[in-house]
*Asks:* 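The structure that follows is given in the form of structure tokens.
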Amino acid sequence: MMFIPSRSKRIGIPKYRHPEWLPKPQRVRYEEQLTEDNKEFLQEVIQDKYGLPHADLGMNLSPLKLDPIEPITKWKPGLKRTGLIAKKIGVYPLWLKDGTKVYSTLLQVVDNEVVKYIPPEEFYPVIGKKPIQIKRRLGCLVVGAGNINPQLVTKEYSGIFKDSGVMPKLVLRRFIISPEAALQPGTPLFATHFKPGEVVDIRGKTIDRGFQGVMKRWGFKGMPATHGVTKTHRRPGNIGSGGQKARVMPGTKMPGHMGNRWRILKGVEILRINTKYNVLWVKGHNIPGETNNYCYIYDTILPLKKSKTAPYFPTYLPNMDKELFPEELYADKVHAFMDPSLEIKKKS
């Protein structure tokens, strides 16, 4: 069973060891003495099993049927749909129509596909050793991102994707959804799952900076660097353990490990979407994580910033519209690069 992080409570220190519930992805590699003909034959086998990349969608389509599990229902407030797994690829400036310059982070949705759906009757999330008692039963959708060569993974890990018909994925993530938003395994997910102007929550792991002192970890000012100060320039000073308590109180800011923590940035606005490369431009340059790290994008849980119009529910499917989207989609307040920034009109 996969771990479900809490979105409201503080999350503990992440573990570096491999989780017990997940099979070991990478197998031991050794020299197989394959000829060029053998390598070409293996590539043909992979293409026959998983299919060729689709020209318009840019990913391999699952050979399974992509019909929804339930008949497509109309969206209404309160329904939860799935999110996306995106890779942070950089920071880029954008300009609004009033001339304001804002910074945005580029998040690329890489080969997102549904791996498995767990109905509410079978989904019992467990945190620690006890299952959670949920009054309103919700389902679970397992989404994978980033294709891996099937020759490089173990047989146990590859078995996770056997029923979905998709290639083994580098990242797996569970999304808690309403039963009305269930999707068939093998359904591809695109950046157009969201619309420009919508507000989302982004969850990622901060940069791992190792063991740091109090000045870098907590922003302490430090001791004076003048005459009389001896070897205490960057030390925390008194930690208040004297007197009757005679102990250090829990929560005291002290040196320790910095970074490598799950953090959620709420209320982030989507400014621009590229439909060709599945890239999202989100407002701000403080998205958790460093470049090439994966993060998770949800519909926001902030009540005042939730979308009042119907999103693509349960997700955007290419066969919904007869006409495909243009390559670039902008929010209403964002200035498009192809539009003129200055117009000069002649007097009549």
Side-chain angles (χ1 to χ4, degrees), residues 7 57-59 75 77 79-112 141 143 145 171 173 175 177 181 183 188-204 263-318 320-321 324-339:
R7 300 187 65 186
L57 306 180
M59 66 172 61
W75 176 85
L79 293 179
K80 290 186 177 182
R81 61 174 186 157
T82 181
L84 298 178
I85 304 175
K87 180 190 290 187
K88 181 178 177 181
I89 60 176
V91 178
Y92 202 78
L94 289 176
W95 281 263
L96 306 183
K97 291 183 178 179
D98 59 358
T100 305
K101 178 182 178 181
V102 295
Y103 282 98
S104 63
T105 303
L106 280 70
L107 303 176
Q108 185 176 19
V109 181
V110 184
D111 299 327
N112 278 214
L141 203 67
V143 179
V171 180
R173 166 66 182 162
F175 295 94
I177 63 171
L183 293 171
L189 302 175
F190 308 98
T192 48
H193 179 77
F194 299 104
K195 297 179 181 179
E198 289 185 347
V199 179
V200 296
D201 296 343
I202 302 177
R203 177 178 179 270
R263 293 292 180 265
I264 299 176
L265 191 62
K266 300 180 182 179
V268 184
E269 185 179 4
I270 299 176
L271 301 178
R272 177 182 173 188
I273 297 177
N274 182 279
T275 59
K276 181 178 180 181
Y277 299 102
N278 283 327
V279 178
L280 299 168
W281 277 258
V282 297
K283 188 176 181 181
H285 59 277
N286 56 340
I287 305 301
E290 53 187 333
T291 306
N292 294 326
N293 277 14
Y294 284 90
C295 59
Y296 312 115
I297 310 175
Y298 315 83
D299 290 325
T300 184
I301 62 175
L302 300 179
L304 299 180
K305 292 189 177 182
K306 288 185 178 181
S307 178
K308 298 180 180 179
T309 59
Y312 294 113
F313 189 83
T315 185
Y316 168 76
L317 298 175
M320 282 185 177
D321 303 326
L324 296 177
F325 284 116
E327 184 175 346
E328 297 290 343
L329 300 175
Y330 294 89
D332 295 336
K333 63 180 181 179
V334 178
H335 171 73
F337 287 99
M338 301 303 295
D339 296 342

*Asks:* Is the shortest side-chain heavy-atom distance between Leu107 and Tyr294 below 4.5 Å?
*Replies:* no

*Asks:* Does the side-chain contact (heavy atoms from CB on, under 4.5 Å) test come out yes or no for Val91 and Leu106, once each step is laid out?
*Replies:* CA-CA 6 Å; Val91 178; Leu106 280 70; over 6 Å; no

*Asks:* Counting only heavy atoms from other residues, nucleotides and ligands, does the tally under 6.0 Å from CG of Asp332 exceed 12?
*Replies:*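 Not more than 12 within 6.0 Å, no.
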
*Asks:* Compare all side-chain heavy atoms of Leu84 with those of Phe194 and state whether any distance is below 4.5 angstrom.
*Replies:* yes

*Asks:* Under the 3.5 angstrom rule, does the side chain of Arg203 hit a backbone N or O of Tyr298 as a donor-acceptor pair?
*Replies:* no

*Asks:* Mind listing the closest non-hydrogen atom pair of Pro196 and Ala331 along with its distance?
*Replies:* CB-N, 3.6 Å

*Asks:* Measuring only between side-chain heavy atoms, which start at C-beta, is Val109 closer than 4.5 Å to Leu189?
*Replies:*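 They are not in contact (no side-chain heavy atoms under 4.5 Å apart), so the answer is no.
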
*Asks:* OG/Ser104 to CD1/Ile287 distance, rounded to the nearest 0.5 angstrom?
*Replies:* 10.0 Å

*Asks:* Do Trp95 and Val102 come close enough that some side-chain heavy atom pair is under 4.5 Å?
*Replies:*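 The answer is no, as the side chains (C-beta and beyond) never meet within the 4.5 Å cut-off.
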
*Asks:* Only one of Asn112, Thr315, Asn278 clears side chain to side chain donor-acceptor pair (under 3.5 Å) with His193; which?
*Replies:* Thr315

*Asks:* Tell me whether Tyr277 at atom OH has more than 12 heavy atoms from other residues, nucleotides or ligands lying less than 6.0 Å away.
*Replies:* no

*Asks:* Thr82 and Ile177: which non-hydrogen atoms are nearest, and at how many Å?
*Replies:*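 In terms of heavy atoms, the two residues are closest at N-CG2, 3.6 Å.
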
*Asks:* If you look at every heavy atom in Phe337 and Pro93, which pair is closest and at what distance?
*Replies:* CZ-O, 4.3 Å

*Asks:* Indicate the atoms forming the closest heavy-atom contact of Ile297 with Ala86, along with that distance.
*Replies:*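 Scanning both residues, the minimum pair turns out to be CD1-CB, 3.8 Å.
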
*Asks:* To the nearest 0.5 Å, how far apart are CG in Leu183 and CG in Leu141?
*Replies:* 5.5 Å

*Asks:* Has the side chain of Thr300 got a donor or acceptor atom that lies under 3.5 Å from a matching backbone atom of Lys306?
*Replies:*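 Such a contact is absent between Thr300 side chain and Lys306 backbone.
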
*Asks:* Working to the nearest 0.5 Å, report the span between NZ of Lys305 and NZ of Lys266.
*Replies:* 11.5 Å

*Asks:* Give me the atom names and distance for the closest heavy-atom approach of Ala310 to Trp75.
*Replies:* CA-CE3, 3.5 Å

*Asks:* What heavy-atom pair brings Gly284 and Thr105 nearest, and what distance separates the two atoms?
*Replies:* O-OG1, 2.6 Å

*Asks:* Return the CD to CH2 distance between Glu328 and Trp281, rounded to the nearest 0.5 Å.
*Replies:* 5.0 Å

*Asks:* Counting distance only, does the side-chain N/O of Glu198 pair as donor-acceptor with the main-chain N or O of Ser307 below 3.5 Å?
*Replies:*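 Such a contact is absent between Glu198 side chain and Ser307 backbone.
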
*Asks:* So does Leu280 get a backbone contact from the side chain of Asn274, meaning a donor-acceptor N/O pair under 3.5 Å?
*Replies:*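 It does not hold such a pair.
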
*Asks:* For Tyr312, does its backbone N or O pair with a side-chain atom of Lys195 as donor and acceptor, under 3.5 Å?
*Replies:* no

*Asks:* Is the backbone of Ala181 close enough, under 3.5 Å, to the side chain of Lys80 for a donor and an acceptor to pair up by distance?
*Replies:* no

*Asks:* Going by the side chain to side chain contact (heavy atoms under 4.5 Å, CB included) test, name the single residue among Leu271, Leu94, Val199 that passes it with Lys283.
*Replies:*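 The option that passes is Leu271.
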
*Asks:* Taking Ile85 as the fixed residue, which of Asp111, Val110, Val143 is the one that meets the side chain to side chain contact (heavy atoms under 4.5 Å, CB included) rule?
*Replies:*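 When Asp111, Val110, Val143 are each tested with Ile85, the side chain to side chain contact (heavy atoms under 4.5 Å, CB included) holds only for Val143.
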
*Asks:* More than 12 heavy atoms of other residues, nucleotides or ligands under 6.0 Å from NZ of Lys88: is that the case?
*Replies:* yes

